[in-house]
Amino acid sequence: MELRDSFKTAIISLKTNKTRSFLTILGIVIGISSVITVMSLGEGAQNLILEQIMALGPTNVYIEPGSLDIQGLAESRESGDRDRGQIAEQVMEGMNVKTLTLKDLEAIEKDPLVEAIAPMVTTVSRVVYQNNNQRATILGTTPAYNQIADVKIVLGSDFTDFDVQSRAKVAVLGNKISKDLFQEDNPIGKTIRIKETNFKVIGVMEEQGGQSFLNFDKYIYVPVTTAQEILLGINYVQSLVAKVVSQDKIDEAMESIRLILRERHNIYNPEGDLSKDDFSVVSGKETAEMMATITNILTALLSSIAAIALVVGGIGIMNIMLVSVAERTKEIGLRKAVGARKKDILYQFLMEAIVLTVIGGIIGILLGMVSSYLLSFIMSRNLGIQWAYFISFRSIILGLSVAMGIGIIFGIYPARKAAELSPIEALRYE
Amino acid sequence: MLFEIENLYKIYGDDGVKTPALQGVSFKVSEGEFVSIMGPSGSGKSTLMHIMCFLDRPTRGVCKFEGKSMDDFDDDELAKIRNKKMGFVFQSYNLLPKTSVFDNVRLPLIYAGFSREEENKMVEEALKAVGIFERASHLPNQLSGGEQQKTAIARAIVNHPAVIFGDEPTGNLDSKAGQQIMAIFQKLNDEGNTIILVTHERYTAEMAKRIISLKDGKIVSDEPVKDRHYAKDGLIK
């Protein structure tokens, strides 16, 4: 029996029971479209994060409190031997560690490999100007930050080192938050309230574009000391960002920073075992890799949940194929009587199952593309981020082959049952 | 010799109650014959036909077709023999629903490995032979019973078989349509085709050239038809 004939037979049979065929493939449609959507969102998120991190500057290194063994993480990603919960644990721990201070910053600043270094202390808060109330991220830092992030002031001026020393209550606004708060008014010299404290606006940043999910245009920059004491009541910094003199010196600079901090923190660690440190130094590239690992894990996790729908759908296919075989016992008998071999019958029913699942797969892929497009559109609009809509060729091929695989796996049993029918019994069947 | 049947037994039921369907049947059929196998229900005539057309295996005895026994082949080889050498017409037509007359007749050919052009030519020939070519694109449910059975006959002869089996082919038809069907069988036989017909109606059986009568799994008579009936299209209302 030629492929064309079995395909034709499959189509006729599926058309005979249109509603049944449609309901049968619904599980596959839902499963495939969920997997496609999750994968698309995962890839979109990853692209966004990578873009973001690379945009911050290829020569930047980040110094975070708490030990985070990125090297080990990258290795375990390849060998897959590490408990994935550990990664999340490490990330969470890092957020509560209070080991980095401005004194550390001063020490690192002296390193000739470091061109500039800035502290980062952030908090999210409501910001009030007259009756206008906006949510913003407050970043406490130093004037060096602008040098590292390479952002210009378009209106007014940046705060100075003196402002940092004197804990001045001054603020520089991101472009978007400035427009949100002041609309057409000139914000310079105006007073805004952040956590019951009045701040004087002294500058507005240039627009940085929405390519970042952190959206720096909605940030408000204040002196680090002011943020520490007045807004947060802490004496440590949440992280440090340093700009290395050149890209080929990054590894050297990172090692140098580690040595400085170990000495300052009294950590005896001659082997350079990163897990013994109470801080971690990571480059933008490493951070990107870590984020990629995390999004990959999340994508895999969500995809596997979506895949449950596929298994359920597959069982539905098997069920309906068994019904189809029972209904068409007489047809099978006739086909065998006029010369169909076992494998002809097997292929015929397998083909029917595959046609069902592949049609489901195609509809699922289209639906997944539409829903991930809608989701990325909604996120771009409502979260103010440029979430790229992304469907990879890989996920389409994956979706189709999974659909076909389900057809084969769940179709083989009913098809074998049909092929094994005795022609004489089948012809007698009423 | 087309069929050589010797001392054929078929007993149903493996354990417990054994039901004998055939008890020592022997006869021969040569090319070009038109044989009716006749008998009341339960006489074993259908069982005999199923063994002759290699769909069922005998419990004991030998059934040779073209000098070869069923035991010499596996299921797929038997399927191939049925496909190339035998044609089947069933009481209930057994046409595929939602499939055109043309594609129904094509059915045996898709398992035979002809080219699409050859297939089309053979199907056309078969449809013309039974006079239903103008209905080729119709679906079975758009046809009368007689037309459906004509389609089934076209399907049976499409592969130019060595023998055509008819299992009560007129059983579901009114007498007029039945006559038409029998006329086709007689014409096919006149053209040299061997036909084995299973029926319980004496009148239909007497349209063949030879009648083998069965009762309780045994042959009670095997003789040529003395006063043969000739069916003509539309002869009886």
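In what follows, chains are A, B, ... by sequence order, proteins preceding strands, each numbered from 1.
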Q) Given a strict heavy-atom distance threshold of 4.5 Å, which part of A/Arg328 is in contact with chain B: side chain, backbone, both, or neither? A) neither
Q. Non-hydrogen atoms of chain B under 4.5 Å away: do they reach the side chain of A/Lys8, the backbone, both or neither?
A. side chain
Q | Beyond-backbone contact of A/Ser13 with B/Lys98, side-chain heavy atoms, under 4.5 angstrom | A | no
Q: Quick one: which residue pairs count as a side-chain hydrogen bond (donor to acceptor under 3.5 Å, both in side chains) with a foot in residues 73-88 of chain B, not counting sequence neighbours?
A: B/Glu66-B/Lys85
Rounded distance (nearest 0.5 Å) linking atom [atom1] of [X] with atom [atom2] of [Y]:
{"X": "A/Ile12", "Y": "B/Thr99", "atom1": "CD1", "atom2": "OG1", "result": "4.0 Å"}
{"X": "B/Asp103", "Y": "A/Thr9", "atom1": "CG", "atom2": "OG1", "result": "8.5 Å"}
{"X": "A/Asp5", "Y": "B/Arg116", "atom1": "CG", "atom2": "CZ", "result": "4.5 Å"}
{"X": "A/Arg335", "Y": "B/Ile110", "atom1": "CZ", "atom2": "CD1", "result": "5.5 Å"}

Just checking [X]: does its [atom1] atom have more than 12 heavy atoms from other residues, nucleotides or ligands closer to it than 6.0 angstrom?
{"X": "B/Phe133", "atom1": "CZ", "answer": "yes"}
{"X": "A/Phe377", "atom1": "CZ", "answer": "no"}
{"X": "A/Tyr413", "atom1": "OH", "answer": "no"}

(Q) What part of B/Phe114 gets within 4.5 angstrom of chain A, counting heavy atoms only: side chain, backbone, both, or neither? (A) backbone
Q. By a 4.5 Å heavy-atom criterion (distance strictly below it), what part of B/Asn159 contacts chain A: side chain, backbone, both, or neither?
A. neither
On a heavy-atom basis, which atom in [X] and which in [Y] lie closest, and how many Å separate them?
{"X": "B/Ala79", "Y": "A/Ala340", "answer": "CB-O, 3.7 Å"}
{"X": "B/Phe90", "Y": "A/Ala337", "answer": "CZ-CB, 4.3 Å"}
{"X": "A/Leu334", "Y": "B/Asn94", "answer": "CD2-O, 3.0 Å"}

Q: Count the heavy-atom pairs under 4.5 Å between each of A/Glu425, A/Lys342, A/Lys15 and chain B, then report the option with the highest count.
A: A/Lys342
